[in-house]
Amino acid sequence: VVTQITPTEIYVEILNKSMCAACHAKSACTMSDMSIKRIKIYRTSNEVYHVGEEVLVVMKKTLGLRAVWISYVIPLIILLTLLLTLLGCKVSEPMSALISVGSVALYYVLVKIFNISLERNLYFKIRK
């Protein structure tokens, strides 16, 4: 659902609910999980949208794969490569683990710093 419109951006709220949220026994169970996600979509067309309008949020499959690589695969490669290399160089296990985890933390800090460039490449589009 469109919640806010600016000249360059459209804000959309998505109701994210687990399968438990549709269950008739959810009031007796603490497993039900519903949350609202708010995302920003850059306007790329001249199509007119209105606040309160229901829209379809889409993303290219390749962009999803890119996000998985940035978030999970590259950090795992960094962690395993450093850990195995340091252990092979006879560095103590605690020091190898500390350096490996620290390097992954540094990677995430760099990803956060360059978030603006990632945000421009990993974007959503909407359709009526």
Side-chain angles (χ1 to χ4, degrees):
V1 177
V2 176
T3 58
Q4 182 182 353
I5 299 173
T6 67
T8 58
E9 302 161 346
I10 298 173
Y11 292 88
V12 177
E13 283 187 354
I14 300 172
L15 179 61
N16 185 21
K17 55 185 176 179
S18 68
M19 294 301 290
C20 295
C23 178
H24 68 282
K26 72 178 181 181
S27 61
C29 176
T30 60
M31 297 299 290
S32 63
D33 181 29
M34 290 177 46
S35 63
I36 295 177
K37 309 273 189 218
R38 187 169 192 218
I39 61 172
K40 174 174 49 173
I41 299 170
Y42 294 103
R43 294 183 92 154
T44 57
S45 67
N46 293 330
E47 199 163 347
V48 177
Y49 296 98
H50 304 288
V51 173
E53 182 177 6
E54 288 189 14
V55 293
L56 180 65
V57 178
V58 295
M59 181 177 78
K60 287 184 184 177
K61 286 182 183 179
T62 56
L63 294 178
L65 289 174
R66 186 174 181 182
V68 169
W69 271 89
I70 290 169
S71 301
Y72 300 111
V73 178
I74 293 173
L76 179 65
I77 291 170
I78 291 170
L79 180 79
L80 291 177
T81 303
L82 276 173
L83 187 61
L84 296 175
T85 302
L86 291 171
L87 289 174
C89 293
K90 305 294 185 205
V91 177
S92 68
E93 287 182 8
M95 185 58 72
S96 298
L98 187 63
I99 292 171
S100 300
V101 171
S103 297
V104 171
L106 177 63
Y107 169 80
Y108 280 120
V109 168
L110 291 173
V111 167
K112 183 67 177 171
I113 289 171
F114 296 110
N115 189 26
I116 293 172
S117 66
L118 291 175
E119 197 174 276
R120 289 188 186 128
N121 293 325
L122 300 173
Y123 58 90
F124 296 98
K125 291 184 179 181
I126 57 175
R127 286 189 258 165
K128 288 188 176 194

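One-based numbering along the sequence shown.
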Legend entry - Distance (rounded to the nearest 0.5 Å) between T3 OG1 and I36 CD1: 10.0 Å

Inset, instruction - Show the numbers, then the answer: is there a side chain to side chain contact (heavy atoms under 4.5 Å, CB included) between V109 and F114? - result: CA-CA 9 Å; V109 168; F114 296 110; over 6 Å; no

Legend entry - For P75, the option from V104, V111, L80, I70 that meets side chain to side chain contact (heavy atoms under 4.5 Å, CB included): V104

Legend entry - Any donor-acceptor N/O pair, Y42 side chain to K125 backbone, under 3.5 Å: no

Legend entry - Backbone of T6 reached by a side-chain donor or acceptor of R43 within 3.5 Å: yes

Inset, instruction - Give a yes or no on whether L106 and V91 share a hydrophobic cluster (residues Ile, Leu, Val, Met, Phe, Trp, Tyr; joining criterion: side-chain heavy atoms under 4.5 Å apart). - result: no

Inset, instruction - Consider only side-chain heavy atoms of I, L, V, M, F, W and Y, link residues closer than 4.5 Å, and tell whether V1 and I39 are in one cluster. - result: no

Legend entry - CG-OG distance between L87 and S100, expressed to the nearest 0.5 angstrom: 7.5 Å

Legend entry - Y11-E13 side chain donor-acceptor pair, cut-off 3.5 Å: no

Inset, instruction - Kindly compute the distance separating OG (S71) from CG (L76), expressed to the nearest 0.5 Å. - result: 12.5 Å

Legend entry - Co-membership, hydrophobic cluster, residues M95 and L83, 4.5 Å side-chain: no

Legend entry - hydrophobic_cluster_shared for L82 and L79, side chain cutoff 4.5 Å: yes

Legend entry - K128 NZ: over 12 foreign heavy atoms closer than 6.0 Å: yes

Inset, instruction - Kindly write out the residues that satisfy salt bridge (Lys or Arg N to Asp or Glu O under 4.0 Å) with K90, not counting sequence neighbours, or none if the list is empty. - result: none

Legend entry - Donor-acceptor contact present, side-chain E53 to main-chain H50, <3.5 Å: yes

Inset, instruction - Flag yes if more than 12 heavy atoms outside R38 fall under 6.0 Å of its CZ atom; otherwise flag no. - result: yes

Legend entry - Cluster overlap V51 with Y49, hydrophobic side-chain contacts below 4.5 Å: yes

Legend entry - Rounded distance [0.5 Å steps], OH in Y108 versus OG in S103: 13.0 Å

Inset, instruction - Any chance you could lay out the side chain to side chain contact (heavy atoms under 4.5 Å, CB included) test for L56 and I126, step after step, and finish with the verdict? - result: CA-CA 5 Å; L56 180 65; I126 57 175; over 6 Å; no

Inset, instruction - Check whether any side-chain heavy atom of I77 lies under 4.5 Å from a side-chain heavy atom of W69, and answer yes or no. - result: yes

